[in-house]
Structure formats: C-alpha cells, structure tokens
Q: 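One structure, as structure tokens, below. Some questions next.
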Amino acid sequence: MSDREYKLIFTGSMGAGKTTAIAAVSEVAPVRTEMQNTDHAHHVKETTTTGLDYGVVTLPGGEVLRLFGTPGQVRFQFMWEILGKGALGVVVLADNSSEDPVGDVLEYARAFADVIDGSRAVVGVGRMDVHPVPTLEDYDAALRGIGVRVPVVSTDVRQREQVLTLLDILFYQIDAASEFSGAALQEVP
Ligand SMILES: Nc1nc2c(ncn2[C@@H]2O[C@H](COP(=O)(O)OP(=O)(O)OP(=O)(O)O)[C@@H](O)[C@H]2O)c(=O)[nH]1
Ligand SMILES: [Mg+2]
C-alpha cells in the first residue's frame, strides 16, 4: 500500500448499519459476506454480516480510504482483531433504538482501544430522529469516562453524504492525533 492509503474500520452492534454505510460510499462494488439472519432476538432484519465488509473511497485530496466493516454478532468477535490490524482509525456506529446503545459503543471503543488511541475515532448515532434518547451528550460523557475524546454525531448511514461526513471527521481526527504526537501519518503495513 502507498503512504496515501489508509485502512479504516467500521464497527458497532448488530444492525447499527456498518454494511449499509460502506455500501453507501464505496466506489467499487462492496464486498459483502451477508447470510440470512436467524437472530431476530437481537435485530429484526433479513441478513447479517458473517465475515467482513469491504469498500473503497477516494478523498478529494487523493487519499484512498480502504474501509473494513466488522460483523456485529458476538459469535464472530474473533474477526475484530483480524480486521483491526494496521487500521488507522475507527468509525463506531450505534443504533439509538437498541437496548443499551451507549454500553454498546463503550464495548467497541474498548475492543478497538489500540486503534483509537485516545482520539482516532468518530461515533455515528443512527435513528435519533425517532429515538432522541440517549442524547449525544450522554455518549460523550460515557466515552470521556473511559478516556476517549472523540466527536459523536447523529448519522443516517443510508445517506452517502452523511457517511462521507463521518469519514471527513475521522480523517481530521487521525491527522490531528499524528500532528499532536509529532509523527507523520503511518503507512498501512
Ligand atoms: N428506518 C431506519 N432504518 C435505518 C436507519 N439507519 C439504518 N437503517 C437500516 O438499518 C439496517 C442496518 O443493517 P446493516 O447495514 O446490515 O447493519 P450492520 O451493522 O451491518 O449489521 P450486522 O452485520 O448484522 O452486524 C439497514 O436495513 C438500514 O437500511 C435509520 O435511520 N432509519
Ligand atoms: Mg453488516
């Protein structure tokens, strides 16, 4: 990979919208590993990711973002470490209609703590129009409680522009973090 290519992770609970988000922005046909969803106790939807999602976006500045989505089901948790290797930042998605969306976000922030390294993440909260609680401030306070200071924004992952905004914010976070540490942006191994 060249030094203008960046590996980013989309993670979050089942049904938060990782597959939808990557498909919304990818310039290439997204790689999907969808299978029929039989776990309706966790989320009522047709399919669920059983391996990974993959897509590519080029920023106006020429940087190529390689997007990897994790499966949400706990039985595929072993994929998190595999997909997280060499990643420069994380988009954590939340479904505000789920039972404990703030707790879910904290779980993923902890699991990807090495990649996030304090700030290299953005949290996108979905379905806030119909489920306004918990609020963005609730997420912010909980994340600060575990030492993570990252932007938390309301996002509809079905809207391409909104997913691109998440990526812009994340890219800014990565840039700021590497300037702060005095290091140049690392090349993806
Ligand atoms: N009504 C509504 N639907 C939404 C909204 N955001 C996302 N969705 C839908 O929620 C579903 C999300 O499904 P996926 O993209 O498969 O979610 P995922 O995070 O990849 O799920 P797993 O792979 O099973 O972990 C899709 O059907 C989206 O269209 C929203 O704001 N409102
Ligand atoms: Mg998925």
Side-chain angles (χ1 to χ4, degrees), residues 7-57 65-85 87 89-112 115-116 121-139 143 150-170:
K7 176 179 177 179
L8 306 176
I9 300 294
F10 278 69
T11 195
S13 62
M14 191 179 171
K18 306 169 291 288
T19 302
T20 304
I22 290 177
V25 292
S26 184
E27 299 155 4
V28 300
V31 175
R32 300 168 187 252
T33 55
E34 297 296 290
M35 299 285 277
Q36 191 191 349
N37 173 31
T38 53
D39 188 5
H40 284 185
H42 270 99
H43 211 283
V44 182
K45 62 187 180 92
E46 286 292 308
T47 66
T48 188
T49 303
T50 58
L52 80 166
D53 301 300
Y54 174 71
V56 182
V57 179
L65 309 184
R66 301 200 179 276
L67 313 177
F68 290 81
T70 66
Q73 287 189 327
V74 173
R75 64 191 170 118
F76 298 117
Q77 204 163 330
F78 64 91
M79 286 300 294
W80 297 359
E81 201 177 319
I82 295 170
L83 294 173
K85 261 199 181 78
V90 181
V91 177
V92 183
L93 296 176
D95 174 354
N96 226 32
S97 70
S98 66
E99 202 177 306
D100 180 17
V102 174
D104 290 342
V105 166
L106 293 185
E107 184 184 346
Y108 289 95
R110 285 197 187 94
F112 287 91
V115 180
I116 295 173
V122 59
V123 176
V125 184
R127 295 185 172 87
M128 286 205 85
D129 48 342
V130 275
H131 291 271
V133 178
T135 64
L136 298 180
E137 289 71 26
D138 293 332
Y139 284 91
L143 285 161
V150 299
V152 184
V153 296
S154 170
T155 302
D156 184 336
V157 290
R158 299 167 300 176
Q159 305 296 325
R160 182 170 192 271
E161 287 306 317
Q162 295 194 25
V163 181
L164 288 175
T165 300
L166 277 182
L167 289 171
D168 272 348
I169 296 170
L170 176 58

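Just so you know, ligand 1 is whichever comes first in the structure, and atom 1 is the first atom listed for that ligand. In this text the structure is predicted, and so the values were computed from the model without any measurement.
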Q: Begin from the C-alpha positions of T33 and T49 and carry the test side-chain hydrogen bond (donor to acceptor under 3.5 Å, both in side chains) through to its verdict.
A: CA-CA 5 Å; T33 55; T49 303; 5.2 Å; no
Q: Any donor-acceptor pair under 3.5 Å linking the side-chain atoms of Q36 with those of T47?
A: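 No donor-acceptor contact under 3.5 Å links the two side chains.
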Q: Is there at least one pair of N or O atoms, one from T19 and one from ligand 1, spaced under 3.5 Å apart?
A: yes
Q: Determine the minimum heavy-atom distance between P71 and L83, stating which atoms define it.
A: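 Closest pair (atom of P71, atom of L83, distance): CD-CD1, 4.3 Å.
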Q: Does G17 reach ligand 1, in the sense of a heavy atom lying below 4.0 Å from it?
A: yes
Q: Give the contacting part of S13 toward ligand 1: side chain, backbone, both or neither, where contact means a heavy-atom distance below 4.0 Å.
A: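 Only the backbone of S13 comes within reach of ligand 1.
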Q: Relative to the heavy atoms of T48, which atoms of ligand 1 are at a distance of less than 4.0 Å?
A: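 Answer for ligand 1: 22 (P), 23 (O), 24 (O).
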Q: By side chain to side chain contact (heavy atoms under 4.5 Å, CB included), which residues pair with T135, not counting sequence neighbours?
A: E137, D138
Q: When you measure from the side chain of K18 to the backbone N and O of G12, does any donor-acceptor pair fall under 3.5 Å?
A: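 It does hold such a pair.
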Q: Which residues and atoms, counting only protein N, O or S, are under 2.8 Å from the Mg ion (ligand 2)?
A: T19 OG1, T49 OG1
Q: At a 4.0 Å threshold, what atoms of ligand 1 neighbour a non-hydrogen atom of T20?
A: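 This gives 12 (C), 13 (O), 14 (P), 15 (O), 26 (C), 28 (C) as the contact atoms.
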Q: Check ligand 1 against V157 and write out every atom of the ligand that is under 4.0 Å from a heavy-atom position of the residue.
A: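 This gives 6 (N), 7 (C) as the contact atoms.
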Q: Could you check which of R158, E46, R127 puts a non-hydrogen atom nearest to atom 10 (O) of ligand 1?
A: R127
Q: Any nitrogen or oxygen of G15, side chain or backbone, less than 3.5 Å from one on ligand 1?
A: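 Between G15 and ligand 1 (N or O atoms, distance only) the closest approach is under 3.5 Å.
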Q: If I compare all heavy atoms of I9 with all of A87, which pair ends up nearest, and what's the gap?
A: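 I9 and A87 have their closest heavy atoms at CG1-CB, 3.5 Å.
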Q: More than 12 heavy atoms of other residues, nucleotides or ligands under 6.0 Å from CD of E81: yes or no?
A: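 No, not enclosed.
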Q: Within less than 4.0 angstrom of ligand 1, does A16 place any heavy atom?
A: yes
Q: Is there a polar contact, in the sense of an N or O pair closer than 3.5 Å, between T47 and ligand 1?
A: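 For ligand 1, there is no N or O atom that lies under 3.5 Å from one belonging to T47.
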Q: Of the side chain and backbone of K45, name the one, both, or neither that has a heavy atom under 4.0 Å from an atom of ligand 1.
A: side chain
Q: Starting from atom 23 (O) of ligand 1, locate the nearest protein heavy atom and write down its residue, its atom name and how far away it is, to 0.1 Å.
A: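 The closest heavy atom on the protein side is T49 OG1, 2.8 Å.
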Q: Answer whether the closest heavy-atom distance between the side chains of S26 and Y54 falls below 4.5 Å.
A: no
Q: Heavy-atom distance under 4.5 Å between the side chains of P134 and P101, does that happen here?
A: yes
Q: Ion pair present between R127 and D95, side-chain N to carboxylate O less than 4.0 angstrom?
A: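 Judged by the 4.0 Å cut-off on N to carboxylate O distance, R127 and D95 do form a salt bridge.
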Q: Count the heavy atoms of every other residue, nucleotide or ligand shown that sit under 6.0 Å from NE2 of H43, and state whether that count exceeds 12.
A: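 For H43, atom NE2 is crowded (more than 12 foreign heavy atoms under 6.0 Å).
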Q: Look up atom CE in M14 and atom CG in N37, then write down how far apart they are to the nearest 0.5 Å.
A: 3.5 Å
